[in-house]
Amino acid sequence: MTEPGRALFVPVLLGTVRQGRMSLPVARLLVSELSRRPGIQTELIDIARLPLPIDDAGQAIKDPTFSAQMSRADALVVVSPEYNHGYSGLLKHALDTCLKEYIHKAVGVVGVSAGPYGGTRGIQDLLPVLRELGLVAIFWDVNFSAVQSVFDEAGALRDQAYLPRIDKFLKELVWMARTLRHGRESVALE
Amino acid sequence: MTAMICPTCGIEMNHHAEKLVLPSGPDEASSVDPVLGGMIEELYTCPRCGSGASRRAEPTRGE
């Protein structure tokens with residue numbers, strides 16, 4: 001059981017660096033919806049802001065700030081746009097810089113696409129990666145199809161039908177985060 | 001196994017996971033457990049403050 005006063009930390013990872021990315025309003029919406037929930041702390045982590053070189057990879061290029069954020073996290077929301085039927089290569093590059101920070105923590109994936117499938121192909125490819133990193137994926141996703149029409153020019157949500165879907169997604173993610181925190185702290189490996 | 005003590009709270013941390021990790025370079029190749037095919041990272045979490053810690057496990061002994 002989560003102790004009173006110890007909020008869950010559930011950051012939102014924006015998994016693309018592409019200019020003009022439409023995943024940004026999606027990530028901001030998830031941060032906003034998480035912020036409404038009692039006992040939850042969140043922040044937007046933009047992989048474009050991480051100082052990661054591309055002449056090496058993995059934990060050798062671990063960024064101390066990102067590592068500390070992942071260590072503190074109880075769960076992670078990954079906003080993952082689909083590019084050419086896959087997730088972003090730089091999202092993988094960022095995720096690979098940590099490992100022990102992720103173990104037995106919850107993760108939920110929000111797929112984004114300009115087309116009709118809501119990033120599902122990228123999500124399917126990302127799930128085994130998340131599993132190998134030690135994260136525990138929930139069974140709810142949120143899928144933003146034709147994302148260019150979902151938000152207005154100011155980044156406000158046009159289609160309110162996304163909100164109950166996000167609510168279900170976050171309820172499951174928070175339940176898993178609380179359960180896994182209890183397990184990490186109190187259930188010993190035998 | 002030696003207990004892992006939380007540096008902040010001074011109490012024993014909970015050992016909740018063992019993750020198989022692969023060597024990242026030639027310098028770690030000699031640390032590979034021949035039985036498991038990699039190295040075991042032990043994961044611990046403090047039941048009071050929630051902070052995490054980890055360490056490499058000793059290789060298992062083949063029979």
Side-chain angles (χ1 to χ4, degrees), chain A residues 1-10 39-41 55-62 64 66-76 93 95-106 128-136 176-190, chain B:
Chain A
M1 186 71 68
T2 303
E3 292 178 23
R6 284 183 58 202
L8 291 173
F9 180 50
V10 186
I40 305 291
Q41 295 178 348
D55 60 352
D56 199 354
Q59 297 197 73
I61 59 166
K62 189 186 295 282
F66 183 60
S67 172
Q69 288 168 315
M70 294 301 101
S71 292
R72 182 183 162 216
D74 295 288
L76 188 60
H93 190 58
L95 287 170
D96 282 350
T97 63
C98 294
L99 180 64
K100 64 185 179 186
E101 295 89 337
Y102 302 128
I103 305 288
H104 285 167
K105 296 182 177 179
V129 174
L130 299 174
R131 174 178 172 270
E132 178 56 19
L133 290 173
L135 292 157
V136 180
M176 191 67 83
R178 289 194 199 288
T179 301
L180 289 172
R181 175 191 269 186
H182 171 73
R184 290 194 308 275
E185 296 180 355
S186 305
V187 182
L189 195 66
E190 294 181 356
Chain B
M1 183 185 298
T2 308
M4 180 76 91
I5 304 299
C6 175
T8 304
C9 303
I11 64 174
E12 185 172 341
M13 303 175 85
N14 182 48
H15 178 203
H16 65 89
E18 293 180 345
K19 178 78 174 73
L20 185 70
V21 295
L22 300 178
S24 57
D27 53 325
E28 286 190 321
S30 61
S31 302
V32 170
D33 184 317
V35 176
L36 300 174
M39 302 162 295
I40 294 294
E41 189 85 6
E42 298 174 346
L43 283 299
Y44 298 82
T45 298
C46 176
R48 183 175 296 165
C49 71
S51 65
S54 70
R55 66 184 174 197
R56 285 283 162 86
E58 292 295 318
T60 58
R61 299 281 178 249
E63 305 235 342

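Proteins get letters first, then strands, A, B, ... in listed order; numbering begins at 1 in each.
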| said: So, taking the atom named CD1 in A:Ile103 and the one named OH in B:Tyr44, what distance separates them when rounded to the nearest 0.5 Å? | reply: 13.5 Å
| For the atom pair CZ (A:Arg6) and CZ (B:Arg48), what is the distance rounded to the nearest 0.5 Å? |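 Between atom CZ of A:Arg6 and atom CZ of B:Arg48 there are 11.0 Å.
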| For chain A, which residues of residues 16-27 of chain B have at least one non-hydrogen atom nearer than 4.5 Å to it? | B:His16, B:Ala17, B:Glu18, B:Lys19, B:Leu20, B:Val21
| note | Honestly, the part of A:Gln59 sitting under 4.5 Å from a heavy atom of chain B is neither
| task | Please step through side-chain contact (heavy atoms from CB on, under 4.5 Å) for the pair A:Glu185 and B:Thr45, ending with a clear verdict. | result | CA-CA 5 Å; A:Glu185 296 180 355; B:Thr45 298; 3.5 Å; yes
| field | Results of salt bridge (Lys or Arg N to Asp or Glu O under 4.0 Å) for B:Glu28 - residues two or more places apart only | value | B:Arg56
